[in-house]
Amino acid sequence: MKTVIFIPARYASTRYPGKPLVELRQKDGTAKSLIQMSWEAASAIEGVDAVYVATDDTRIAEHSRSFGADVVMTSDACENGTARCADALAQLEETPDLVVNFQGDAPLTPPWFVEKLMAAMAVDKTVQMATPVLRCDRQTYDNFVEDRKEGRVGGTTAVFDQHMNALYFSKEVIPYIAPGKLPQPIPVFHHVGVYAYRPDALMHYVETPASTLEELEGLEQLRFLSAGISVRCVEVDARGRVFWELNNPGDVARIEAALEAQ
């Protein structure tokens with residue numbers, strides 16, 4: 001399958017303005033921007049034909065080109081990363097078989113997360129959209145609970161049926177587990193913010209009005225569920241690596257610690 005990756009990036013983030021250009025300390029003491037780290041992570045994925053940064057901001061575009069990235073300039077009216085990917089897709093001369101939305105705030109995403117998504121969609125042609133889920137270890141679960149306790153919007157959790165089709169995604173920690181009753185293995189799955197779409201499903205998204213659940217949670221994947229489009233959850237293995245997105249300024253320290261450890 002011909003596969004392209006888009007890394008949607010915007011400057012005007014509500015929670016963290018200028019986030020793509022934030023610099024993070026690397027293990028060797030040097031600094032790299034969040035968008036460069038994300039581009040390098042996406043470029044390490046095997047079986048991909050092209051990787052683009054998709055943005056409406058000239059600062060992000062110029063910086064991305066400075067480290068060698070291809071850039072697609074998108075409309076400033078794009079409401080979220082999925083819409084930005086659809087805008088970028090419409091500008092390609094040739095439509096690929098598969099489009100991957102690689103989040104620009106998740107530089108710790110291992111390449112095998114995306115490779116497993118691509119493999120799942122190659123095997124089952126009926127799957128219109130897929131996304132990875134990662135069973136929480138104790139550290140990640142505690143991070144989720146701490147964020148919610150402190151009123152911070154942290155990562156996203158997912159629940160799914162026996163066929164691995166998503167039932168719901170939430171910024172709350174679901175399923176709820178009463179204090180002192182945490183079973184093992186932990187039955188909470190961290191939703192990894194990467195999506196693989198068939199082009200038709202992606203274009204259908206921008207033609208469909210936003211759903212109430214999407215607007216309440218601020219999660220674009222809920223528009224697919226509300227429209228009756230199944231989202232296949234693909235369980236992935238972190239292989240001992242820590243995974244966390246940069247959602248808030250406080251996450252910089254978490255990611256830098258993970259970079260130091262791996």
Please check this pair: side chain of [X] against backbone of [Y], looking for a donor-acceptor N/O pair closer than 3.5 Å.
X: Arg148; Y: Arg152; result: yes
X: Glu217; Y: Lys171; result: yes
X: Asp49; Y: Thr3; result: yes
X: Gln36; Y: Ser66; result: no

If hydrophobic clusters are built from ILVMFWY residues whose side chains come within less than 4.5 Å, do [X] and [Y] share one?
X: Val231; Y: Phe6; value: yes
X: Tyr195; Y: Val206; value: yes
X: Met129; Y: Leu134; value: no
X: Val114; Y: Val127; value: yes
X: Ile5; Y: Val236; value: yes

Within a strict 4.5 Å, meaning less than it, do heavy atoms of the [X] and [Y] side chains meet?
X: Leu222; Y: Tyr168; value: yes
X: Met121; Y: Asp97; value: no
X: Arg135; Y: Pro185; value: yes
X: Thr82; Y: Pro8; value: no
X: Gln128; Y: His204; value: no
X: Gln103; Y: Thr109; value: no
X: Leu21; Y: Ile60; value: yes
X: His63; Y: Ser33; value: yes

With rounding to the nearest 0.5 angstrom, report the [atom1] to [atom2] distance, [X] to [Y].
X: Cys85; Y: Phe102; atom1: SG; atom2: CZ; result: 12.0 Å
X: Arg223; Y: Asn80; atom1: CZ; atom2: CG; result: 6.5 Å
X: Ser230; Y: Met164; atom1: OG; atom2: CE; result: 13.0 Å
X: Tyr11; Y: Thr58; atom1: OH; atom2: OG1; result: 10.5 Å
X: Thr95; Y: Asp200; atom1: OG1; atom2: CG; result: 9.0 Å
X: Glu62; Y: Asp57; atom1: CD; atom2: CG; result: 9.0 Å

If you look at every heavy atom in [X] and [Y], which pair is closest and at what distance?
X: Ala106; Y: Ser38; value: N-OG, 4.1 Å
X: Arg84; Y: Ala54; value: CD-O, 3.1 Å
X: Leu34; Y: Gly104; value: CG-O, 3.3 Å
X: Pro183; Y: Ile177; value: CD-CG2, 4.1 Å
X: Ala166; Y: Leu225; value: O-CD2, 3.9 Å
X: Ala50; Y: Val48; value: O-CG1, 3.3 Å

Verify whether the ring centers belonging to Tyr197 and Tyr205 lie closer than 6.0 Å. no

Set out, in order, the CA-CA distance, both residues' side-chain angles and the distance that settles side-chain hydrogen bond (donor to acceptor under 3.5 Å, both in side chains) for Thr140 and Asn143, then state yes or no. CA-CA 5 Å; Thr140 305; Asn143 285 344; 5.3 Å; no

Steps toward side-chain contact (heavy atoms from CB on, under 4.5 Å) verdict (Glu220, Glu79): CA-CA 9 Å; Glu220 62 249 47; Glu79 56 196 310; over 6 Å; no

So, are Asp251 and Arg254 salt-bridged, with charged N and O less than 4.0 Å apart?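 A salt bridge is present here (some side-chain N lies under 4.0 Å from a carboxylate O).
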
Let me see the working for Ile45 and Glu115 under side-chain contact (heavy atoms from CB on, under 4.5 Å), right down to the final yes or no. CA-CA 7 Å; Ile45 298 165; Glu115 290 162 4; 3.8 Å; yes

Can Glu235 and Lys116 be said to form a salt bridge (charged side-chain N to carboxylate O under 4.0 Å, His left out), step by step? CA-CA 9 Å; Glu235 186 174 356; Lys116 193 167 183 180; over 6 Å; no

Verify side-chain contact (heavy atoms from CB on, under 4.5 Å) between Ser64 and Thr55, making sure each step is shown before the conclusion. CA-CA 10 Å; Ser64 298; Thr55 186; 5.9 Å; no

So Thr131 and Arg232, side-chain contact (heavy atoms from CB on, under 4.5 Å) or not? Walk me through it. CA-CA 6 Å; Thr131 194; Arg232 178 66 53 85; over 6 Å; no

Other residues, nucleotides, ligands: >12 heavy atoms within 6.0 Å of Gln162 CD: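 No, the 6.0 Å shell around CD holds no more than 12 heavy atoms from other groups.
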
Under the rule for ring-ring contact (aromatic ring centres under 6.0 Å, His included), what residues qualify as partners of Phe144, not counting sequence neighbours?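 Counting only residues at least two positions away or on another chain, Phe144 forms a ring-ring contact (aromatic ring centres under 6.0 Å, His included) with His190, Trp244.
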
With Thr157 via side-chain hydrogen bond (donor to acceptor under 3.5 Å, both in side chains) - residues at least two apart: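 By the side-chain hydrogen bond (donor to acceptor under 3.5 Å, both in side chains) rule, Thr157 matches no residue at all.
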
Which class fits the ring pair Phe67 and Trp39: parallel under 30°, tilted 30 to 60°, perpendicular over 60°?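 Tilted, since the angle between the ring planes falls between 30° and 60°.
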
